[in-house]
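For reference, the structure is listed below as structure tokens.
From a predicted model like this one, the values you see are computed outputs, not experimental measurements. Numbers here simply count residues along the sequence, with the first being 1.
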Amino acid sequence: MSAPVPPPEARVAAEHPEAPGYRAGRTLPLRVEAMRQLRRRRTLLMGGVLAALPFILIIAFAIGGTPDGEDGGRGGGRINLMDVATESAANFAATSLFVSAGFLLVIPVALFCGDTVASEASWSSLRYLLAAPVPRVRLLWSKLVVALGFSLAAMVLLPVVALAAGTAAYGWGPLKLPTGGAVAAGDTVPRLMIVVAFIFVSQLVTAGLAFWLSTRTDAPLGAVGGAVFLTIVGNVLDAVTALGSWRDFLPAHWQFAWADALQPQVEWGGMVKGAAISVTYALILFALAFRGFSRKDIVS
């Protein structure tokens with residue numbers, strides 16, 4: 001029986017143990033990986049979709065008239081932002097996040113995190129990156145940081161465009177609450193920043209699923225689709241009230257806890273619990289991705 005063939009990066013390291021100027025920590029810089037991902041068509045397409053959504057909503061409200069809240073009970077009755085969507089730019093931005101957080105914002109997270117490693121394998125370029133040599137941990141770290149950065153940028157892009165478009169369409173003013181009262185205009189941007197931060201943290205589970213699957217398969221669509229599918233399964237399980245208190249351990253159960261930031265006084269309890277659940281799951285999934293990839297035989 002023939003001896004196992006060492007991975008390409010091990011062979012390069014053995015042949016060139018003291019390559020002049022080589023520093024593992026300087027391989028695949030974040031700016032290089034970021035530019036590679038930024039130039040990809042799917043990145044530009046996703047940015048275009050998110051930037052276009054506020055304008056689509058404005059057109060829909062113009063055609064259909066002022067929202068009447070008939071369908072405002074989504075999200076378990078906790079929020080009803082559709083009633084006040086056109087009251088101000090802040091209300092419009094909050095509504096844009098409300099209609100997107102449950103599914104649309106899942107897509108860029110799954111896409112950026114699930115496509116990043118699997119796409120290299122599908123192009124048969126992964127082994128050449130490792131043979132450069134780029135250490136496996138360094139490669140995964142660079143790709144994960146960039147993927148999370150693009151995911152956060154997608155979540156920031158939507159409310160920024162919505163605020164700009166909403167200001168032009170509905171004017172600047174306080175954030176009017178569907179339950180009565182309002183948040184002062186000067187406090188709306190910090191409140192929306194809290195909302196975006198919580199949505200990002202809550203989506204770390206999807207990011208972890210996508211990234212882990214991306215290290216396990218050579219099919220980018222499988223990693224992205226698998227993460228989206230499992231996220232949907234989590235939402236379905238959260239709707240099963242028979243699970244009782246077990247639903248508290250589902251990240252989906254807390255996905256709309258950011259509504260507590262759109263109150264006269266911010267309530268942190270739900271967001272802290274939701275963030276703790278999401279971060280715990282995400283850390284486990286990221287650890288599985290690094291552990292599995294460090295032992296995987298890269299042949300593509």
Do the side chains of [X] and [Y] join up, straight or via other hydrophobic residues, at under 4.5 Å, putting them in one cluster?
X      : Y      : result
Val189 : Met155 : yes
Phe103 : Ile56  : no
Trp141 : Met35  : yes
Trp172 : Val183 : yes
Val49  : Val109 : no

Step by step, work out the side chain to side chain contact (heavy atoms under 4.5 Å, CB included) result for Ser294 and Val137.
CA-CA 7 Å; Ser294 65; Val137 172; 5.6 Å; no

Parallel, tilted or perpendicular: which one describes the rings of Phe211 and Phe290, with boundaries at 30° and 60°?
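Aromatic pair Phe211/Phe290 classed tilted.
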
Indicate yes or no: at least one non-hydrogen side-chain atom of [X] is less than 4.5 angstrom from one of [Y].
X      : Y      : result
Asp260 : Val266 : no
Val279 : Val201 : yes
Ser119 : Pro220 : yes
Trp254 : Ser278 : no
Phe98  : Trp258 : yes
Leu262 : Leu175 : yes
Arg40  : Leu44  : no
Leu148 : Leu204 : yes

Please find the pair of heavy atoms, one from [X] and one from [Y], that lie closest to each other, and give the distance.
X      : Y      : answer
Ala51  : Val161 : O-CG1, 3.4 Å
Pro159 : Ala93  : O-CB, 4.1 Å
Ala223 : Gly114 : CB-O, 3.3 Å
Val205 : Pro251 : CG2-CG, 3.7 Å
Leu250 : Gly234 : CD1-O, 4.2 Å
Ala162 : Phe92  : O-CD2, 3.3 Å

Please check if atom [atom1] in [X] has more than 12 non-hydrogen atoms from other residues, nucleotides or ligands closer than 6.0 Å.
X      : atom1 : answer
Leu243 : CG    : yes
Trp246 : CH2   : no
Arg291 : CZ    : no

Sorted by first residue and then second, give each salt bridge (charged side-chain N to carboxylate O under 4.0 Å, His left out) pair with at least one member in residues 156-176; sequence neighbours left out.
Glu87-Lys176

Suppose the criterion is salt bridge (charged side-chain N to carboxylate O under 4.0 Å, His left out): which pairs have a residue in residues 41-54, not counting sequence neighbours?
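Every salt bridge (charged side-chain N to carboxylate O under 4.0 Å, His left out) pair that includes a residue of residues 41-54, provided the two are not neighbours, is Arg42-Asp115.
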
Under a 3.5 Å distance rule, please check whether [X] uses its side chain to pair with a backbone N or O of [Y] as donor and acceptor.
X      : Y      : result
Ser142 : Leu30  : no
Thr167 : Ala89  : no
Arg247 : Asp238 : yes
Tyr170 : Ala90  : no

Measure the [atom1]-[atom2] distance between [X] and [Y] for me, rounded to the nearest 0.5 Å.
X      : Y      : atom1 : atom2 : answer
Thr43  : Phe150 : OG1   : CZ    : 5.5 Å
Phe293 : Leu288 : CZ    : CG    : 15.0 Å
Leu53  : Leu105 : CG    : CG    : 8.5 Å
Leu158 : Ser100 : CG    : OG    : 4.5 Å
Leu209 : Leu230 : CG    : CG    : 5.5 Å
Glu33  : Arg36  : CD    : CZ    : 5.0 Å

If the condition is side chain to side chain donor-acceptor pair (under 3.5 Å), which residues does [X] pass it with, not counting sequence neighbours?
X      : result
Thr206 : Gln203, Thr231
Thr188 : none
Asp187 : none

For Cys113 and Ser151, what are the C-alpha separation, side-chain angles and deciding distance, and is it a side chain to side chain contact (heavy atoms under 4.5 Å, CB included)?
CA-CA 8 Å; Cys113 295; Ser151 300; 4.1 Å; yes

So, Asn91 versus Ser88: side-chain donor-acceptor pair below 3.5 Å or not?
yes

Please tabulate, for the side chains in residues 190-198, all donor-acceptor contacts under 3.5 angstrom to protein atoms that are two or more places apart in sequence or on a different chain.
unit_1, atom_1, unit_2, atom_2, d
Arg191, NH1, Ala261, O, 2.9
Arg191, NH1, Gln263, O, 2.5
Arg191, NH2, Gln263, O, 3.4
Arg191, NH2, Pro264, O, 3.1

Please walk me through it: do Ile107 and Val228 pass side chain to side chain contact (heavy atoms under 4.5 Å, CB included)?
CA-CA 7 Å; Ile107 304 299; Val228 173; 4.1 Å; yes

